[in-house]
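All remarks here apply to the structure that follows.
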Amino acid sequence: MNNFIFYDTETSGVKEIDFIQVIQFGSIQTNGDFKVLDTLNELCAPLPWTLVTPKALTVNKKSEIFESDICHYELISNIHKTWNTWLNYGNGLFITYNGIRFDEEVMRRQFYWNLYDPYLTNTNGNSRLDLFIKMAVVLHFYHTVFPIPVIDNQTSLKLEHLADSLDIDTDDAHDALADCHFLVQLMKKIKELLPNYYEEIINTTSKESLINSLKKEDIFYHCNYLARSKKTSTYPFYPILDEYSNTNRIAVFNLNFDPELYFDLSYQELEQLLQSSKDSPFRKLAVNKTLPIISLSTLISDDIVPTDIDTFKTRATLIKENINFQNKIIDILNNTEFPSFENNHIEQQIYSNGFPSAIDKDRFSQFHDAITYEEKINIVEKIEDTRYQKFAYRICAQLFPDRVNQKILVELNNLVKERFNETGPWPDSQKNLEEAEELLSRSQSQEEKTLLNIAINSIKTRQ
């Protein structure tokens, strides 16, 4: 892999992920030696129906968004265009920090709302890496080698603290582009200090490469970072796979348990254990995402030999030789039905109601290429999927606020009223106002007070 794309987002909020938007976006492209090839750093105005939470504004300090003449669609279009240009350099590895939980999901939604492919970062040969998740392994096994910061007598995996421990200026922490620079240096330091683990990380970023790695070796260690205690825990596991496995979720057996106690259990008993987390030797891992794991062979190559390894090797061999047991577990997992949730709002339907048709995808491309309002509206009216048609009308209102017809304006005005006056899965305006007033009463910083007042005013003017 020789095309690294680091990125970070600053957003209008952090909780209601289906209804928050990117307000600043930073991205850096480097080669495999971390030489910077290009950068992107832009911000945009909030959408009229997006509530910028006071707390988010005091963290990212991007008050200039309220004066920006760049609309959300223009920002997302430029990101999409820039990334696709960078991908001409080769398949990309998209690197984030805590991105699998947040930035990746946010960006998928931004692309979805704007008629772009939400899965750009993990399809067509591209893959993803969340370094925050991998730092759990570093903290647990390599804390004597790698500089882990200690804040208030507790270890910290915050990116700005790690950057500070690497002697990087952190005055611009919580700026999207600055955080990308921190991330580049962190990745570089992992390669320098932990070359064996770095190679394992780089060689397992896609689902296919990870599954292939899991098939080749018998014992891996899964590390959990406990946010409250700032400590880690780990367990050794054997991955239960067959030669045809290509699913997004796999079962693993925790080798702290004796597998012979489970070989003779019935199908129903095993199924119950697989669906339970308490006192169960089984865990389900999502192999389409970054995992906090490391192979035993990498640990041994770094002269790290965990305790009880002979016992774990014996147990792994027992499972490996019991094909019937493995097949039962695989069959149970393949037949497990995962719960589906009712999503009433189009922003929430990225993973429901199916993918757009090939015809609609072609219309999306035509829509992006169209220049005039008349050309765009003509294409919008031909879009078959109502979700995307509504999104396209919203885009037209951003680009041509003086041209959209009365019906669209009424619908969007009603949308603003709903999002700022009614209770729903979006940020609650009244709760945010109350929180802002409380923060204002306690704040000793003039800068923070200014930001809070800006946020309060932005909410009140839309109510």
Side-chain angles (χ1 to χ4, degrees), residues 1-9 22 24-42 75-108 110-111 114 116-135 137-138 159 162-163 166 168 175-213 287-291 298 365 368:
M1 183 67 69
N2 200 39
N3 189 18
F4 295 161
I5 299 174
F6 299 84
Y7 79 92
D8 185 61
T9 63
V22 170
Q24 188 210 0
F25 182 86
S27 191
I28 297 175
Q29 180 195 25
T30 79
N31 62 15
D33 295 321
F34 306 107
K35 178 184 176 182
V36 175
L37 304 177
D38 202 359
T39 63
L40 176 65
N41 183 26
E42 286 195 6
L75 171 65
I76 302 306
S77 294
N78 194 28
I79 295 169
H80 188 267
K81 179 182 177 181
T82 300
W83 274 0
N84 274 288
T85 299
W86 291 356
L87 291 173
N88 289 329
Y89 191 79
N91 293 338
L93 174 58
F94 290 84
I95 304 170
T96 57
Y97 201 77
N98 203 24
I100 292 296
R101 184 192 68 83
F102 189 74
D103 301 87
E104 272 281 331
E105 290 299 327
V106 168
M107 284 309 301
R108 281 187 172 184
Q110 312 303 289
F111 285 146
N114 289 284
Y116 291 110
D117 176 15
Y119 306 102
L120 173 66
T121 61
N122 68 325
T123 56
N124 298 319
N126 303 317
S127 56
R128 308 177 294 174
L129 170 62
D130 184 342
L131 266 190
F132 172 74
I133 292 174
K134 292 300 186 182
M135 288 306 297
V137 176
V138 175
L159 184 57
L162 285 163
L166 299 173
I168 303 169
D175 174 88
L177 189 62
D179 285 353
C180 289
H181 283 292
F182 299 164
L183 201 47
V184 171
Q185 294 305 313
L186 177 59
M187 188 80 166
K188 189 175 181 179
K189 189 59 95 173
I190 292 173
K191 182 179 183 180
E192 175 190 337
L193 297 180
L194 311 174
N196 293 319
Y197 185 46
Y198 176 84
E199 285 302 315
E200 179 174 324
I201 291 173
I202 293 300
N203 291 328
T204 56
T205 55
S206 70
K207 180 178 79 172
E208 293 76 15
S209 61
L210 176 56
I211 288 177
N212 287 335
S213 174
V287 290
N288 60 334
K289 300 178 180 180
T290 301
L291 292 174
T298 295
S365 296
H368 296 310

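When reading the values below, keep in mind they use all heavy atoms of this one structure, side chains included, and skip hydrogens, waters and symmetry mates. If you read the sequence from its start, that first residue is 1, and numbering goes on from there.
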Side chains of Met135 and Asp130 in contact at under 4.5 Å (non-hydrogen atoms): no
Describe, in one word, how the ring planes of Phe94 and Tyr7 are oriented to each other, choosing from parallel (under 30°), tilted (30 to 60°) and perpendicular (over 60°). perpendicular
Shortest non-hydrogen separation from Arg101 to Asn98 and the atoms involved: NH2-ND2, 3.1 Å
Any luck finding a side-chain donor-acceptor pair between Asn3 and Trp86 under 3.5 Å? no
In sequence, state the C-alpha distance, the side-chain angles, and the governing distance for Glu104 and Thr121, and then conclude on side chain to side chain donor-acceptor pair (under 3.5 Å). CA-CA 8 Å; Glu104 272 281 331; Thr121 61; 2.9 Å; yes
Quick one: are Val36 and Val184 in side-chain contact, heavy atoms under 4.5 Å? no
For Lys191, does the NZ atom have more than 12 heavy-atom neighbours from other residues, nucleotides or ligands under 6.0 Å away? yes
Where Arg128 and Thr290 come nearest, the two heavy atoms and their spacing: O-OG1, 3.8 Å
Backbone of Glu208 reached by a side-chain donor or acceptor of Asn212 within 3.5 Å: yes
Would you say the side chain of Lys35 lies within less than 4.5 Å of the side chain of Thr30, judging by non-hydrogen atoms? no
Between Gln110 (side chain only) and Val106 (backbone N and O only), is there a donor and an acceptor less than 3.5 Å apart? yes
Kindly indicate whether the side chain of Tyr116, heavy atoms from C-beta on, has any atom under 4.5 Å from the side chain of His368. yes
What I want to check is whether the side chains of Ser209 and Ser206 have a donor and an acceptor closer together than 3.5 Å. yes
Student check: side-chain heavy atoms of Cys180 and Asp8 closer than 4.5 Å: yes
CA sep, side-chain torsions, deciding dist, call: Leu93, Ser127, side-chain contact (heavy atoms from CB on, under 4.5 Å): CA-CA 5 Å; Leu93 174 58; Ser127 56; 3.4 Å; yes
In sequence, state the C-alpha distance, the side-chain angles, and the governing distance for Tyr97 and Phe102, and then conclude on side-chain contact (heavy atoms from CB on, under 4.5 Å). CA-CA 9 Å; Tyr97 201 77; Phe102 189 74; over 6 Å; no
Would you name the heavy atoms of Asp33 and Asn31 that are closest together and state the gap between them? N-OD1, 2.9 Å
Start with the C-alpha gap between Asp103 and Thr9, add the side-chain angles, then the distance that decides, and say whether side chain to side chain donor-acceptor pair (under 3.5 Å) holds. CA-CA 6 Å; Asp103 301 87; Thr9 63; 2.6 Å; yes
Under a 4.5 Å cut-off applied to non-hydrogen side-chain atoms, are Leu40 and Phe25 in contact? yes
Going by heavy atoms in the side chains, are Gln29 and Thr39 under 4.5 Å from each other? no
Test Met187 against Ile95 for side-chain contact (heavy atoms from CB on, under 4.5 Å), laying out the working first. CA-CA 9 Å; Met187 188 80 166; Ile95 304 170; 3.8 Å; yes
Nearest atoms (heavy-atom pairs only) where Leu186 meets Leu159: CD2-CD1, 4.1 Å
Would you find a donor on one side and an acceptor on the other, under 3.5 Å apart, between the side chain of Asn78 and the backbone of Leu75? no
Heavy-atom closest pair, residues Ser213 and Thr204: CB-CG2, 3.7 Å
Before giving the answer on side-chain contact (heavy atoms from CB on, under 4.5 Å), spell out for Tyr89 and Leu37 the whole-Å C-alpha distance, their side-chain angles and the decisive distance to 0.1 Å. CA-CA 10 Å; Tyr89 191 79; Leu37 304 177; 3.7 Å; yes
Do the side chains of Leu129 and Thr96 get nearer than 4.5 Å, heavy atoms only? no
Tightest non-hydrogen contact, residues Ser27 and Ile5, listed as OG-CG2, 3.5 Å
